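Following: one structure in structure tokens, then a few remarks.
All figures in this text were calculated on a predicted structure; none of them were measured in a lab.
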Amino acid sequence: MSRWLRPVLSRVVSRVGLSGAAREPQAKFGLLFDIDGVLVRGKTPIPAARKAFHKLVDSQGQFLVPVVFVTNAGNCLRQTKADQLSHILGVPICQDQVLMSHSPLRIFKQYHNKCVLVSGQGPLLDIAKYLGFSNPITIDSLRESYPFLDMVDHTRRPKILPSSATDLPRIEAVVLFGEPIRWETNLQLIVDVLLTGGYPVNHHQPASYPHIPVLGCNMDLMWMAEAHSPRFGHGTFMVCLENIYKKITGKELKYEALMGKPSEVTFQYAEYLIRTQAAQRQWAEPIRTLYAIGDNLMTDIYGANLYNRYLQERGSRVGSKALVQAASGVPVATVSQEEEPTLESALSFPSATSCRSILVCTGIYNPHREVPADTSRSVTETVFHGHRDFRFDPALVEPGHIVDDVSAAVDLIFQLEGFVQQSGPRTH
């Protein structure tokens, strides 16, 4: 096991249900599953989901291959999502197999001790503190301190203005976890914070630019629930925020970081979780191939293909550097043995060399609608539903395979990898 992985694994990853010992035949691939539109529609399980996962576990319910659930949801803790998945799929899932859109925020330690405003719904303070933030403030608590800032809903307007303002610390960053319930309140107060340098009761100062840092999670414009058509996602809320800010200031809203699919950091984190599962099994051979199964071209497929491009380019750079060093006799630079390995370091050294995308037809994707070949016409919101800061690239929204559902996806992967399903324990 890599010296980068061993200490971090012991600190942040608890035991995952994986069968077998070090001498067992091992798979050389890992699976990344989207949830909404692949395994469920809202709270309704997709029939193929249980069938698919019964193929992935042994008679004791232990996974035969490393599996991570990569969701852009951000309204709950990982353990809560793991419990939901265990109930839906009928197999035991632990929180270390779940990657929420906000999970990469753990590595943004430069913000953990700052006063941050968090937007979304669910147990926001619990989520923020779990991720490492020591001083989060919710939109609701900000509104309670300054009720006169929220004026859209006439029934919630304060009848008497407070005699003195509550003394809150300066807000130093904004974290967007997911779509809120009261969009007008969140939009108003976030814009107030951005235009006042973190003091929302002060006068707006549009000339103050750049604004305080904004970290965004979950860029899904739409997602698939029980309705026949997609529903608004957090990406739609972000479009509103970006356009309101630009309309007021004439400037672009800037993000310090974007995470959740299709961002590379999310897939780097997912690959790391796959690695830790293989390490727990004491497998000698590294996981080289990842399969990402999703229903959304603009997040699941785009993200998997973008990460695959990163892995390919990284492999070329590493290979070229090794050739130069071999020819020149210059030793490979190493990190001091005394340096403490970190999660950030572990994310930088993937074992995977490829990430293959598989699109299912049970969610957002409509198999009867095609992306126009003329890309000059396709860079519009009617076709490119990706985030503003991601460039439309036809190659990145081209899935490696298209199948009917997640069960068919698992069958395809078994076929591609020669992973044989037998009456007894499966072998590779």
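Gln121 contributes no side-chain N or O that, together with a main-chain N or O of Asn75, makes up a donor-acceptor pair within less than 3.5 Å. Between the side chain of Ser119 and the backbone N or O of Leu176, no donor-acceptor pair lies under 3.5 Å. The backbone N or O of Ala225 sits less than 3.5 Å from a side-chain atom of Arg41, completing a donor-acceptor pair. A donor-acceptor pair under 3.5 Å is absent between the side-chain atoms of Ser141 and the main chain of Ile137, judged by distance alone. Of the possible donor and acceptor atoms, one in the side chain of Thr266 sits under 3.5 Å from a partner among the backbone N and O of Gly260. A distance-only check finds no donor-acceptor pair linking the side chain of Asp295 to the backbone of Thr362 [under 3.5 Å]. A side-chain donor-acceptor contact under 3.5 Å links Asn305 to the backbone of Glu398. Side-chain atoms of Arg231 never come within 3.5 Å of backbone atoms of Met222 as a donor-acceptor pair (strictly under, hydrogens ignored). Checking side-chain atoms of Asn296 against main-chain N and O of Asp300 turns up no donor-acceptor pair under 3.5 Å. Judged by distance alone, the side chain of Glu264 and the main-chain N or O of Tyr307 form no donor-acceptor pair under 3.5 Å.
Pairing each heavy atom of Ser348 with each of Arg314, the nearest pair is O-NH2, 3.5 Å. Heavy atoms only, all atoms of each residue included: Met259 and Ala257 are closest at CE-CB, 3.8 Å. Gly132 and His112 make their closest contact through O-CB, 3.1 Å (heavy atoms, listed as atom of the first residue, atom of the second, distance). Closest of all the heavy-atom pairs between Pro262 and Tyr302 is CB-CD2, 3.7 Å. The nearest pair of heavy atoms linking Leu89 to His54 is O-NE2, 4.0 Å. Nearest heavy-atom pair, Asp405 versus Ala48, reported as atom, atom and distance to 0.1 Å: CG-CB, 3.5 Å.
In this structure, the ring of Tyr310 has its center no less than 6.0 angstrom from the ring center of Phe267. Two rings, from Tyr130 and Phe177, have their centers 6.0 Å or more apart.
Under a cut-off of 6.0 angstrom, the local environment of NZ in Lys251 is crowded, with over 12 non-hydrogen atoms contributed by other residues, nucleotides or ligands.
From Phe108, atom CZ reaches atom NZ of Lys114 across 14.0 Å, with rounding to the nearest 0.5 Å. Between the OG atom of Ser357 and the CD1 atom of Ile402 there is a distance of 9.0 Å, given to the nearest 0.5 Å. Considering CZ of Phe33 and CZ of Phe53, their distance stands at 4.0 Å, rounded to 0.5 Å. Here CD1 of Ile274 is found 10.0 Å from CG of Leu99. Values are rounded to the nearest 0.5 Å. Atoms CG and CG, from Leu194 and Leu253 in turn, are 6.0 Å apart once rounded to the nearest 0.5 Å. One finds the CD atom of Gln268 at 11.5 Å from the SG atom of Cys355 (value rounded to the nearest 0.5 Å).
Contact check on Glu271 versus Arg275 returns a salt bridge, with a Lys/Arg side-chain nitrogen under 4.0 Å from an Asp/Glu carboxylate oxygen. Lys254 has no carboxylate O lying under 4.0 Å from a charged side-chain N of Glu252, or vice versa, which leaves the two without a salt bridge. Salt-bridge formation is not detected for the pair Lys261/Asp220: no Lys NZ or Arg NE/NH1/NH2 atom is positioned less than 4.0 Å from an Asp or Glu carboxylate oxygen. A salt bridge is defined here as a Lys NZ or Arg NE, NH1 or NH2 lying under 4.0 Å from an Asp or Glu carboxylate O, and Arg309 with Asp393 meets this definition.
Two residues are said to be in side-chain contact when any heavy atoms from C-beta on lie closer than 4.5 Å; Leu142 and Ile171 meet this criterion. Counting heavy atoms from C-beta on, the side chains of Phe63 and Ile93 come closer than 4.5 Å. Residues Glu417 and Thr289 have side chains in contact (heavy-atom distance under 4.5 Å, counting atoms from C-beta outward). Tyr365 places none of its side-chain heavy atoms less than 4.5 Å from the side chain of Val360. Residues Arg106 and Leu131 form a side-chain contact, since some pair of their non-hydrogen atoms from C-beta on lies under 4.5 Å apart. Contact annotation: the side chain of Met100 never approaches that of Cys217 to less than 4.5 Å [non-hydrogen atoms, C-beta and beyond]. The side-chain heavy atoms of Val98 and Gln84, taken from C-beta on, include no pair separated by under 4.5 Å. At a threshold of 4.5 Å between non-hydrogen side-chain atoms, the residues Leu105 and Tyr111 do not count as touching.
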CA sep, side-chain torsions, deciding dist, call: Arg182, Asp153, salt bridge (charged side-chain N to carboxylate O under 4.0 Å, His left out): CA-CA 10 Å; Arg182 285 184 171 269; Asp153 186 342; 3.1 Å; yes

Side chain to side chain contact (heavy atoms under 4.5 Å, CB included) assessment of Phe29 paired with Arg356: CA-CA 10 Å; Phe29 63 96; Arg356 302 180 182 180; over 6 Å; no

Intermediate values then yes/no, side-chain hydrogen bond (donor to acceptor under 3.5 Å, both in side chains), Asp83 and Gln79: CA-CA 6 Å; Asp83 293 341; Gln79 185 60 59; 2.9 Å; yes

Residues Thr185, Val152; criterion side chain to side chain contact (heavy atoms under 4.5 Å, CB included); working and verdict: CA-CA 8 Å; Thr185 298; Val152 173; over 6 Å; no

Step-by-step side chain to side chain contact (heavy atoms under 4.5 Å, CB included) determination, Leu311 to Thr353: CA-CA 6 Å; Leu311 291 173; Thr353 56; 5.7 Å; no

Evaluation steps, side chain to side chain contact (heavy atoms under 4.5 Å, CB included), between Val403 and Asp411: CA-CA 10 Å; Val403 296; Asp411 289 340; over 6 Å; no

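Ring planes of Phe419 and Phe414: tilted class, angle from 30 to 60°. Taking the six-membered ring where tryptophan is involved, the planes of His234 and Phe237 are essentially parallel, since the angle between them stays under 30° and well short of 60°.
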